[in-house]
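Please read the structure below before turning to the comments.
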Amino acid sequence: MTKKKVVVLSGAGISAESGIKTFRDADGLWEGHDVMKVASPQGWKANKELVLKFYNDRRRQLLEVSPNKAHKVLVTLEKDYDVHIVTQNVDDLHERAGSNQIIHLHGELLKARSTQDENDVVPWIKDIQLGDLCKKGSQLRPHIVWFGEQVPLLDKAASLVSKADYIIIVGTSMQVYPAASLINFAKETAHTYFVDPNPSISDRKQLTIFAEKASTGIAKVVQHIQDIVA
Ligand code: APR
C-alpha cells in the first residue's frame, strides 16, 4: 500500500528549544542587527566582513546545539508515512534528528557557495573568511537565500505541498514570502496542523491548532494522525 503523504513546514520555532533564537520573537536573533545589513545582497556588497562574521557566529552556535524532541518525534512518522520536511531553517537539526527527506528553502548554514555560480555549493563547517575562493576563483559566501533573492526550491516545495494528505506547520510566524504562501498549494482535503505558541492562521478547513511549544505540540500531532488512521 502506498504511504500517505505528510509535509512539514517548519520555521525557527522548532529549533527554539534547542537554543537557537527565533527571528521575530522579543529576544530575536536580529536584535542589534539590521536585517538588510546581514542578510541581503546589498548588505553583502557593502560589508562582506560583517556578513561573514554574522554567519560564522551562527555556524559556531549551531555546532554547539542538538536536535530537540520535536525534531526527533517527526522522524517516527516516517515508519508509516511518506514524510517531507520543507524548512525555512538553515540549521541541520532535522538532518541530525534523522529525517530523510528535507528541503531547505532558505539555504543551509553548513554549506558555502560561489559568488559567481549559485550552483557551485560546497560543505563548510568552519568560518568562511575573506579570500576563501570557489574553484573558479570567486569569493565564497554563505549558502543562504537572502532577502530579495530567488528561492530556487520553491516549485519543488509547492509540488510536495499540493500532494500532501497531512500538513504540519510548526514554529513559523508565516510572515516571510514566498515560503508563507506554500500553504495555498494544499488540497482542500488536506488535514492541517499548526503548532506554535502564537499561531498566525486560523481560517483553514480541517485545521487543528496546538498553541504551544513544538516539543509537546508535535507529539500531539503525531498521536492525532495515528489516531485518525487507527
Ligand atoms: N515552539 C514552537 N514555536 C515557537 C517556539 C517554540 N518553542 N518559540 C517560538 N515559536 C514561534 C513564534 O511564536 C513564531 O511564530 O516560532 C515562530 C518564529 O517566527 P520567526 O522568528 O518569524 O521565524 P520564521 O517564521 O522561521 O522566519 C522565516 O524569516 O528572517 C527570515 O529567512 C529567515 O527563515 C527565516 C524567515
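Computed from a predicted structure; not experimentally measured. Whatever order the structure lists ligands and atoms in, that order sets their numbers, starting from 1.
- Checked by distance only, ligand 1 and Q88 come closer than 3.5 Å through their nitrogen or oxygen atoms.
- An N or O contact shorter than 3.5 Å links G13 to ligand 1 by distance.
- Nearest heavy atom pair, residue D91 against residue S15, reads OD2-OG, 2.7 Å.
- Here's the thing with N89: none of its N/O atoms is less than 3.5 angstrom from an N/O atom of ligand 1.
- Closest non-hydrogen pair, C134 versus S114, comes out as SG-OG, 3.3 Å.
- Relative to atom 24 (P) of ligand 1, the option among T172, I144, L9, T87 with the closest non-hydrogen atom is T172.
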- Task: Would you please test E78 and N100 for side chain to side chain donor-acceptor pair (under 3.5 Å) and show each step?
- Result: CA-CA 8 Å; E78 293 190 13; N100 286 296; 2.7 Å; yes
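- The shortest N or O to N or O distance between A12 and ligand 1 is below 3.5 Å.
- Close approach of ligand 1 to K213 (heavy-atom distance below 4.0 Å) involves ligand atoms 1 (N), 7 (N).
- Ligand 1 has no N or O atom lying under 3.5 Å from any N or O atom of F147, backbone or side chain.
- Across the listed options P197, S18, A179, A214, P197 owns the non-hydrogen atom lying nearest to atom 3 (N) of ligand 1.
- Within the listing of ligand 1, atoms 7 (N), 8 (N) sit less than 4.0 angstrom from a heavy atom of A16.
- Close to ligand 1: E17, with a non-hydrogen atom less than 4.0 angstrom away.
- Under 3.5 Å, the side chains of R204 and T192 contain a donor-acceptor pair of N or O atoms.
- Contact atoms of ligand 1 toward N198: 13 (O) (distance under 4.0 Å to a heavy atom of the residue).
- A donor-acceptor pair is defined here as one N or O able to donate and one able to accept, closer than 3.5 Å; no such pair exists between the side chain of Q88 and the backbone of A179.
- Geometrically, R59 does not engage Y55 in a cation-pi contact defined by less than 6.0 Å to the ring centre and at most 45° from the axis.
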(Q) Go through it in stages, so that I can follow the logic: the residues are E188 and K205, the test is salt bridge (Lys or Arg N to Asp or Glu O under 4.0 Å), and I'd like the CA-CA distance, side-chain angles, deciding distance and then a yes or no. (A) CA-CA 7 Å; E188 269 212 6; K205 284 184 191 159; 3.1 Å; yes
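- Remark: ligand 1 and V170 share no N or O pair separated by less than 3.5 Å (distance only, no angle test).
- When all heavy atoms of V121 and R113 are compared, the closest pair comes out as CG2-CB, 4.0 Å.
- Annotation for ligand 1: atoms under 4.0 Å from non-hydrogen atoms of G11 are 26 (O).
- Using a 4.0 Å cut-off between charged nitrogen and carboxylate oxygen, K136 and D117 count as a salt-bridge pair.
- Residue contacts with ligand 1: S173 is placed with a nitrogen or oxygen under 3.5 Å of a nitrogen or oxygen of the ligand (distance criterion only).
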